[in-house]
Amino acid sequence: MEEAIVRAACAIGAGICMGLGAIGPAIGEGHAVGKALEGMARQPETAGILRTNMILGCAITESTGIYSLVIALLMLFVF
């Protein structure tokens, strides 16, 4: 009985972890891409620099989503 409650709590915690952990990078990447496209539309000659910086920023932003995935997987399979 006690083990079933712990397993259920881990599953709920993993779901919440991924839900909250994925929304931050999604909002951040959407904002970054939108602003980069706005900058490219205003000054097309800087498109290469903006694209490179945008991709680098999106990769860094995505790392927080990957961290929450690792924690969710730990919660499911370790506890």
Side-chain angles (χ1 to χ4, degrees):
M1 177 71 177
E2 185 178 304
E3 184 179 334
I5 293 173
V6 170
R7 298 290 279 162
C10 284
I12 291 171
I16 291 171
C17 178
M18 277 311 300
L20 294 177
I23 197 155
I27 291 172
E29 288 178 20
H31 185 70
V33 171
K35 291 296 182 176
L37 288 174
E38 184 179 320
M40 288 179 206
R42 290 181 185 214
Q43 293 181 338
E45 65 273 4
T46 64
I49 296 169
L50 286 174
R51 186 179 306 113
T52 303
N53 289 338
M54 178 195 66
I55 292 172
L56 182 63
C58 285
I60 293 169
T61 304
E62 190 64 35
S63 67
T64 58
I66 294 170
Y67 293 147
S68 61
L69 173 66
V70 169
I71 290 172
L73 288 174
L74 284 172
M75 290 176 72
L76 287 176
F77 296 113
V78 174
F79 295 113

| field | Side-chain donor or acceptor of Arg7 paired with backbone N/O of Leu76 under 3.5 Å | value | yes
| task | Taking the side chain as every heavy atom from C-beta outward, state whether Ser68 and Leu20 have any pair of such atoms under 4.5 Å apart. | result | no
| note | Nearest heavy-atom approach of Thr46 to Gly39 is OG1-O, 4.3 Å
| task | Report whether Val70 and Met18 are members of the same hydrophobic cluster (ILVMFWY, side-chain heavy atoms less than 4.5 Å apart, transitive linking). | result | no
| query | Hey, quick one: are Leu50 and Leu56 part of the same hydrophobic cluster, counting side-chain heavy atoms closer than 4.5 Å, chains of contacts allowed? | reply | no
| message | Counting neighbours of CD1 on Ile49 that are heavy atoms of other residues, nucleotides or ligands and sit closer than 6.0 Å, is the number greater than 12? | response | no
| field | same_hphob_cluster(Leu69, Phe77) at 4.5 Å side-chain heavy-atom cutoff | value | yes
| query | With a cut-off of 6.0 Å (strictly less than), are more than 12 heavy atoms of other residues, nucleotides or ligands near CD of Glu45? | reply | yes
| query | Do you know which two heavy atoms are closest between Ala72 and Cys17, and how far apart they sit? | reply | N-SG, 4.2 Å
| query | With hydrophobic residues grouped by side-chain heavy-atom distances under 4.5 Å, do Ile55 and Leu37 end up in a single group? | reply | yes
| Shortest non-hydrogen contact from Gly65 to Pro25? | N-CG, 3.6 Å
| request: With rounding to the nearest 0.5 Å, note down the distance linking OG1 in Thr52 to CE in Met54. | output: 9.0 Å
| request: State the SG-CD1 distance between Cys10 and Ile5, to the nearest 0.5 angstrom. | output: 12.0 Å
| message | For a quick test of reading the model, state the closest non-hydrogen atom pair linking Met75 to Ala14 and the distance between them. | response | CE-N, 3.7 Å
